[in-house]
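The next block holds one structure in the form of structure tokens; read it before the comments.
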Amino acid sequence: MSDVRVWVNGDLVDPGAPSISALDHGITVGDGAFETCKVVDGEVFALTRHLRRMDRSLAGLGLPTADHGLIRKGVDAVLSLGPLPFGRLRFTVTGGPGPPGSDRADSALTTLVTAGPQPRPPVSTTVVVVPWTRNERAATAGLKTTSYADNVVALAYAKQRGAHEAVFANTRGNLCEGTGSNVFVVAGGRVLTPPLADGPLAGITRELVLEWAAADGLPVQEATMPVSVLGTCDEAFLTSSTRDVAAIGVVDGRELAAPGPLTARVASVFAARAAERMDP
């Protein structure tokens, strides 16, 4: 943990030292939102899009809009502490100190920014479908909240089975998302991903893949699909801020080309466009 830089409410702090209230609602009931960004050579990728998504998550929770200027100060502070060739930056905003239950107090928001090195993503990955579902009709559906217990349990399940990521269906049995990723499949010559109405997070990398791949003429679109499509698709891949486009080589023990031809084209387009601008 010593290589993680931490900034809380305007100040750089020791990563191991107490820095927020024990009664902070982000701790007691998971009342907050966060964003995870990729850092390349000390610069944050797609920061503006991440800030916009943070606003959507906070609005969905009924919390005030975050102070973007304050978050950017925190980002500058943690990145000023030395080189970071490739890393993960996270900013978190919670409801601030409150009662131990679900009621909120009239407290100022708590704002945290952390950053640290991150291993570069592997060329391909392994996934399993978990027996639990995403509730596409939940109050928090599509919000990136600090309530991540479902993801912790699902990822542990996947790792116990030799996989790197867990994939959820939604309550209707349709393909939804991973614990920290969006899922794409290639079927019938098309690149498909579940629509937001099916419950996945509106991933920033997902958003950029849809935009950039379509602009490059690739057959990419949103489509509702049963989770069983993972047993019949020609190719599949994950997208996330620290993975970019990661081919799925094994799903529930079934081997896939990793990357297959369309996945490779999507990854190439994404890499080329991302290299042009750090804040697209």
Side-chain angles (χ1 to χ4, degrees), residues 4-13 15 17-39 44-80 88-116 134-152 177 179-180 182 196-197 199-208 240-241 278-280:
V4 177
R5 304 101 179 262
V6 180
W7 176 98
V8 181
N9 288 337
D11 297 306
L12 288 165
V13 299
S19 52
I20 65 171
S21 168
L23 296 179
D24 193 281
H25 244 210
I27 298 295
T28 56
V29 294
D31 183 23
F34 76 97
E35 290 290 321
T36 296
C37 311
K38 177 177 65 173
V39 178
V44 183
F45 180 70
L47 179 57
T48 299
R49 291 188 188 233
H50 281 284
L51 287 166
R52 289 175 187 155
R53 188 174 65 179
M54 167 69 80
D55 288 345
R56 296 196 296 271
S57 292
L58 291 174
L61 291 171
L63 288 170
T65 300
D67 183 337
H68 290 195
L70 183 64
I71 292 172
R72 288 181 182 274
K73 286 181 181 178
V75 170
D76 290 342
V78 296
L79 294 181
S80 72
R88 173 194 297 260
L89 180 138
R90 169 173 167 151
F91 54 90
T92 305
V93 176
T94 80
S102 297
D103 287 339
R104 290 181 176 130
D106 187 18
S107 302
L109 301 178
T110 298
T111 304
L112 306 89
V113 182
T114 63
R134 284 284 199 245
N135 181 0
E136 70 280 4
R137 299 180 64 189
T140 55
L143 307 182
K144 197 169 181 69
T145 78
T146 54
S147 301
Y148 245 49
D150 280 354
N151 291 324
V152 172
E177 64 178 347
T179 67
N182 290 105
L196 300 184
L201 183 72
I204 301 301
T205 307
R206 171 191 183 275
E207 180 179 286
L208 291 170
S240 75
S241 290
M278 282 300 290
D279 200 12

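Quick caveat, the model's predicted, so the values are computed rather than measured.
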Between the side chain of [X] and the main-chain N/O of [Y], is any donor-acceptor distance below 3.5 Å?
X	Y	result
Arg88	Thr36	no
Thr205	Ser240	yes
Arg49	Pro280	yes

- Going through the checks in order, is the side chain to side chain contact (heavy atoms under 4.5 Å, CB included) test met by Leu89 and Val113? CA-CA 7 Å; Leu89 180 138; Val113 182; 4.2 Å; yes
Can you give me the closest heavy-atom contact between [X] and [Y], atom names plus distance?
X	Y	answer
Val4	Pro15	O-CG, 3.0 Å
Val13	Val8	CG2-CG2, 4.0 Å
Pro99	Ala105	CD-N, 3.8 Å
Pro97	Ser107	O-OG, 2.5 Å
Val29	Gly101	CG1-O, 3.8 Å
Leu12	Trp7	N-CD1, 3.9 Å

Just how far is it from atom [atom1] of [X] to atom [atom2] of [Y], taken to the nearest 0.5 Å?
X	Y	atom1	atom2	value
Ile27	Ile20	CD1	CD1	4.0 Å
Arg56	Lys144	CZ	NZ	12.0 Å
Phe34	Thr145	CZ	OG1	7.5 Å
Arg53	Leu201	CZ	CG	4.5 Å
Leu70	Phe91	CG	CZ	11.5 Å
Glu207	Leu196	CD	CG	9.0 Å

- Residues in side-chain hydrogen bond (donor to acceptor under 3.5 Å, both in side chains) contact with Thr92, at least two apart in sequence or another chain: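 So Thr92 forms a side-chain hydrogen bond (donor to acceptor under 3.5 Å, both in side chains) with Arg90.
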- Query: Restricting to pairs with a member in residues 17-29, which pass side-chain hydrogen bond (donor to acceptor under 3.5 Å, both in side chains), not counting sequence neighbours?
  - Reply: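 Qualifying pairs: Asp24-Thr94, Asp24-Thr110, His25-Asp31.
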- Tell me, which pairs form a side-chain hydrogen bond (donor to acceptor under 3.5 Å, both in side chains) where one or both residues lie in residues 68-80, sequence neighbours left out? Thr48-Arg72, Asp55-His68
- For the residue pair Val93 and Ile71, establish whether any side-chain heavy-atom pair is separated by less than 4.5 Å. yes
- Please test Val6 against Leu112 for side chain to side chain contact (heavy atoms under 4.5 Å, CB included), starting from the C-alpha separation and ending with a verdict. CA-CA 7 Å; Val6 180; Leu112 306 89; 5.6 Å; no
- Query: Can you check side chain to side chain contact (heavy atoms under 4.5 Å, CB included) on Val75 and Val44, steps first, answer last?
  - Reply: CA-CA 8 Å; Val75 170; Val44 183; 3.7 Å; yes
